[in-house]
Amino acid sequence: MSKKLSLAVLLSGNGTNFQAIIDSIEKGQLKAAIKIVISNNKDAFGLQRAKKHNIKNLCIDHRDFEDRESYDLRLMETLEQESVDYIVLAGFMRILGPNFIRNFPKKIINIHPSLLPKYPGLNTHKKVLENKDKEHGVTVHIVDEGLDSGPIIGFIKVKVEDGEKESNLENRIHKLEHYIYPKILSEFQEGRISTIDNKIKIDDVFHKNGKEYFI
Ligand code: GAR
């Protein structure tokens with residue numbers, strides 16, 4: 001039995017993905033401990049979730065810092081003290097600078113509501129509908145220095161329904177997120193996922209463009 005994963009979670013908002021990770025741990029499905037939750041936004045509901053579950057939490061507000069470098073440095077120093085296995089971005093709406101990324105190689109994981117590399121950034125559901133895409137989805141990836149970029153671990157695809165409203169699509173994508181994020185973290189915990197030269201290997205198979213998961 002491999003050891004528990006120790007995680008830090010960074011978030012900016014509601015924190016439903018964070019909640020899905022907590023729920024999975026509490027059900028005994030994901031063998032992990034969340035050592036710290038950090039938000040850049042003091043009003044993030046995710047911080048309330050952390051309090052409710054007695055998880056160490058703090059706000060490091062980017063507006064209190066002169067520039068990105070100094071913000072990232074404080075974040076980095078705080079995270080180093082926790083020495084976690086992975087830094088999990090769960091709706092953390094800030095770009096992390098290259099020094100931060102290089103300090104935690106292959107240890108930062110992100111979830112994004114699109115089939116990357118399509119639609120990095122914001123308003124992904126809206127863009128899918130505007131472009132009349134037939135499919136949409138969610139992607140989990142290792143974070144590199146770009147925006148929502150880096151080696152893709154896994155994704156789930158869904159068909160966009162005819163005449164689908166943005167709010168409906170968003171809800172469906174959220175459900176997929178809440179499934180795939182804890183699932184992939186538990187595969188890390190089980191030692192099934194590794195990154196070799198920026199290539200993702202899951203259960204002895206290399207996945208150039210990530211592995212497709214099904215719910
Ligand atoms: C999620 O949809 C997540 O994929 C997205 O923010 C939302 C956070 O929701 N992340 C990004 O867009 C990263 N580029 P949550 O706070 O309810 O977990």
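Just so you know, these numbers come straight off a predicted model, no measurement behind them. Because only heavy atoms are used, hydrogens play no part in the values below, and waters and symmetry mates are left out as well, while side chains stay in.
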Note, Ile184 side chain near Ile111 side chain (heavy atom, < 4.5 Å): no
His141 side chain to His112 side chain, donor-acceptor N/O pair below 3.5 angstrom: no
ILVMFWY cluster, Ile173 and Leu129 together (side-chain gap under 4.5 Å): no
Qualifying salt bridge (charged side-chain N to carboxylate O under 4.0 Å, His left out) pairs, either residue in residues 74-89, two or more places apart: Lys3-Asp85, Lys56-Glu82
Under 3.5 Å: donor-acceptor pair, side chain of Ser114, backbone of Tyr119: yes
CD1-CD1 distance between Ile142 and Ile109, expressed to the nearest 0.5 angstrom: 5.0 Å
Test salt bridge (Lys or Arg N to Asp or Glu O under 4.0 Å) applied to Asp61 - qualifying residues, sequence neighbours left out: Arg63
Residues forming a side-chain hydrogen bond (donor to acceptor under 3.5 Å, both in side chains) with Arg172, sequence neighbours excluded: Glu164
Residues in side chain to side chain contact (heavy atoms under 4.5 Å, CB included) contact with Asn40, at least two apart in sequence or another chain: Ser12, His62, Tyr71, Phe92, Arg94
Acceptor/donor pairs from residues 206-215 side chains to any protein atom, 3.5 angstrom cut, sequence neighbours excluded:
residue: Tyr213; atom: OH; partner: Glu187; partner atom: OE1; Å: 2.6

Sequence neighbours excluded - salt bridge (charged side-chain N to carboxylate O under 4.0 Å, His left out) pairs with any residue from residues 100-118: Arg102-Glu145, Lys118-Asp133
Any residue meeting ring-ring contact (aromatic ring centres under 6.0 Å, His included) with Phe100, in chain and number order, not counting sequence neighbours: Phe104
Residues forming a salt bridge (Lys or Arg N to Asp or Glu O under 4.0 Å) with Lys42, sequence neighbours excluded: none
Gln48: side-chain hydrogen bond (donor to acceptor under 3.5 Å, both in side chains) partners, not counting sequence neighbours: none
Side chain to side chain contact (heavy atoms under 4.5 Å, CB included) between Leu7 and Val84, worked out: CA-CA 5 Å; Leu7 306 174; Val84 292; 5.7 Å; no
Donor-acceptor pair, side chain of Ser24 and main chain of Ile21, under 3.5 angstrom: no
Sequence-distant partners of Asp203, salt bridge (Lys or Arg N to Asp or Glu O under 4.0 Å), two or more places apart: Arg192
Residues in salt bridge (Lys or Arg N to Asp or Glu O under 4.0 Å) contact with Glu130, at least two apart in sequence or another chain: Lys126
Pairwise side-chain contact, Ser186 with Gln29, heavy-atom cut-off 4.5 Å (strictly under): no
Residues in side-chain hydrogen bond (donor to acceptor under 3.5 Å, both in side chains) contact with Glu26, at least two apart in sequence or another chain: His53
Separation of Ile38 CD1 from Ile60 CD1 (nearest 0.5 Å): 4.5 Å
Sidechain-backbone polar pair: Asp72 side chain, Leu96 backbone, donor-acceptor under 3.5 Å: no
